[in-house]
Amino acid sequence: MQLVRQKEELIKKAAYRAPGTGRWCGRTVLVALLVAALGSGCAAGSGEPAKPAPGTSAAGKPGQAAAPGAPRELTAAELDALHSPENVRRAQAARAVAAKKWGLASTPLPAPRPPAVKPAISTREGFEVEGGEDLPPLFTTVPVDGKKVVFLTMDDGSEKDPELLRMMSELKIPYTAFLSDYVINDNYGYFKQMRDRGVAIQNHTLNHPYMPGLSYEDQKREICGQQDLLEKNYGKRPTLFRPPYGNYNADTLRAAKECGIKAAPIWASEAYPDHMEWREWDRDMHPGDIILTHFRGRDEWKGTMPDMIRHVMKVVTDKGYAVGRLEDYV
């Protein structure tokens with residue numbers, strides 16, 4: 001994917017490289033369940049649906065309906081227990097076994113405890129639209145107070161590899177899926193399994209069009225239509241939206257807001273089975289960076305989705321970073 005909107009006056013120190021091009025461009029339960037949830041920020045990962053707290057719906061709020069297995073927010077007490085030294089030690093021991101099984105170069109690092117209050121997020125400089133002050137922010141990096149944590153996101157839903165589900169569950173690596181209906185409507189069940197493992201399902205439009213080329217009404221149809229389908233199939237209306245190719249205009253954000261979107265995460269780097277592409281001029285990872293990848297296989301990549309995970313996790317871990325759950329911060 002390629003983000004084309006940018007301000008020409010951005011100087012090089014604030015410049016970024018558009019991935020895919022060579023151009024520079026401006027989350028109390030039993031301890032066992034808590035340990036199992038460490039990587040993903042929710043009580044999932046074994047394939048069992050996450051269990052809501054007493055008196056709380058699956059969505060984490062009294063009276064709010066959600067499909068069985070839909071991720072919920074953990075309480076502060078649950079988070080404290082989840083990130084206790086003993087639970088972290090046990091989780092990492094289990095993770096080391098899984099890392100060896102799946103051929104990772106090293107064991108993924110444990111993510112820090114998410115903040116008690118989610119950080120304020122604003123649109124990145126150079127990504128602004130006229131009159132966009134009250135519109136969903138677009139950003140490539142999440143404020144994490146300098147903690148070495150990054151966020152993994154996967155787009156579209158074309159490849160439906162069962163090995164990916166098993167691998168990510170056993171490794172307890174959290175990720176967010178931004179889905180487009182035109183490539184998931186042949187197998188909604190695959191992504192229900194994903195949701196039941198604690199993965200947040202978010203919006204990537206119905207048909208993956210070039211959004212600025214559409215009218216406001218057509219853009220709204222693409223976003224709201226996907227909101228309706230994702231809520232129908234997965235029990236929860238998304239709050240995050242990623243525009244296809246990273247392309248957008250003011251109408252895109254106005255339509256997204258009208259459809260209930262709160263934020264529009266883009267990406268700082270893109271992961272493939274054999275390499276990384278970087279947006280920033282220093283070609284490096286930074287605290288809070290959002291990593292993009294896609295649901296792809298050997299027909300389009302030099303490897304499989306598990307191959308991609310092995311590669312991106314080597315890069316992330318070698319640089320001293322952990323993978324966190326995006327929805328714990330945004």
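Along the sequence shown, the residues carry numbers beginning at 1.
- The stretch residues 211-267 participates, sequence neighbours left out, in these disulfide (SG to SG under 2.5 Å) pairs: C224-C259.
- Relative orientation of the H208 and H204 rings is perpendicular, given thresholds of 30° and 60° on the angle between their planes.
- More than 12 non-hydrogen atoms from other residues, nucleotides or ligands lie less than 6.0 angstrom from NZ of K319.
- For residues 106-200, there are no disulfide (SG to SG under 2.5 Å) pairs, not counting sequence neighbours.
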Evaluation steps, side-chain contact (heavy atoms from CB on, under 4.5 Å), between K257 and F241: CA-CA 10 Å; K257 181 179 180 180; F241 163 70; over 6 Å; no

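- The ring-ring contact (aromatic ring centres under 6.0 Å, His included) with F295 is formed by just one residue from the set F178, W301, F191; it is F191.
- Under the 4.5 Å side-chain criterion, counting only non-hydrogen atoms from C-beta, H294 is not in contact with M308.
- Side-chain contact of D196 with Y234: a donor-acceptor pair under 3.5 Å is absent, judged by distance alone.
- For D299, the CG atom counts as densely surrounded, since its 6.0 Å shell holds more than 12 non-hydrogen atoms of other residues, nucleotides or ligands.
- Listed by first and then second residue, the disulfide (SG to SG under 2.5 Å) pairs involving residues 82-130 amount to none (not counting sequence neighbours).
- The distance from atom CE of M168 to atom CZ of R197, rounded to the nearest 0.5 Å, is 12.0 Å.
- The number of heavy atoms from other shown groups lying within 6.0 Å of CG (D186) is above 12.
- Among N203, T205, N185, the single residue meeting the side-chain contact (heavy atoms from CB on, under 4.5 Å) criterion with S180 is T205.
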CA sep, side-chain torsions, deciding dist, call: Y272, D307, side chain to side chain donor-acceptor pair (under 3.5 Å): CA-CA 8 Å; Y272 295 85; D307 290 332; over 6 Å; no

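- Separating the CG atom in L253 from the OG1 atom in T123 is a distance of 7.0 Å, to the nearest 0.5 Å.
- R296 pairs with exactly one of D156, D155, T304 by the side-chain hydrogen bond (donor to acceptor under 3.5 Å, both in side chains) rule, that one being D156.
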Residues V312, M276; criterion side-chain contact (heavy atoms from CB on, under 4.5 Å); working and verdict: CA-CA 8 Å; V312 69; M276 295 285 293; 4.0 Å; yes

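- Of the N and O atoms on the side chains of R124 and T140, at least one donor lies less than 3.5 Å from an acceptor on the other residue.
- If you take OH on Y216 and OG1 on T252, they are separated by 10.5 Å, rounding to the nearest 0.5 Å.
- Residues L326 and P265 form a side-chain contact, since some pair of their non-hydrogen atoms from C-beta on lies under 4.5 Å apart.
- Remark: the T176 side chain and the E327 side chain contain an N/O donor-acceptor pair separated by less than 3.5 Å.
- Contact check for F151 versus V330: no side-chain heavy atoms found under the 4.5 Å cut-off.
- Ring pair Y248/F127 is parallel by interplanar angle, where below 30° counts as parallel and above 60° as perpendicular.
- In this view, N187 and K160, Y190 satisfy the side chain to side chain contact (heavy atoms under 4.5 Å, CB included) rule, not counting sequence neighbours.
- The CG atom of D218 sits 10.5 Å away from the CG atom of N207 when rounded to the nearest 0.5 Å.
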Verdict with reasoning, M167 to R310, per side-chain contact (heavy atoms from CB on, under 4.5 Å): CA-CA 10 Å; M167 182 182 197; R310 281 185 278 269; 3.9 Å; yes

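- Around NZ of K118, the count of heavy atoms belonging to other residues, nucleotides or ligands within 6.0 Å exceeds 12.
- Rounded to the nearest 0.5 angstrom, R242 CZ and L292 CG are separated by 5.0 Å.
- Judged as a salt bridge (charged side-chain N to carboxylate O under 4.0 Å, His left out), and not counting sequence neighbours, E258 has no contacts.
- With sequence neighbours excluded, the residues forming a salt bridge (charged side-chain N to carboxylate O under 4.0 Å, His left out) with D80 are R113, listed by chain and number.
- Taking CE from M305 and CG from L165, the interatomic distance works out to 9.5 Å, rounded to the nearest 0.5 Å.
- Residues P174 and V323 are in side-chain contact: their nearest non-hydrogen atoms beyond the backbone lie under 4.5 Å apart.
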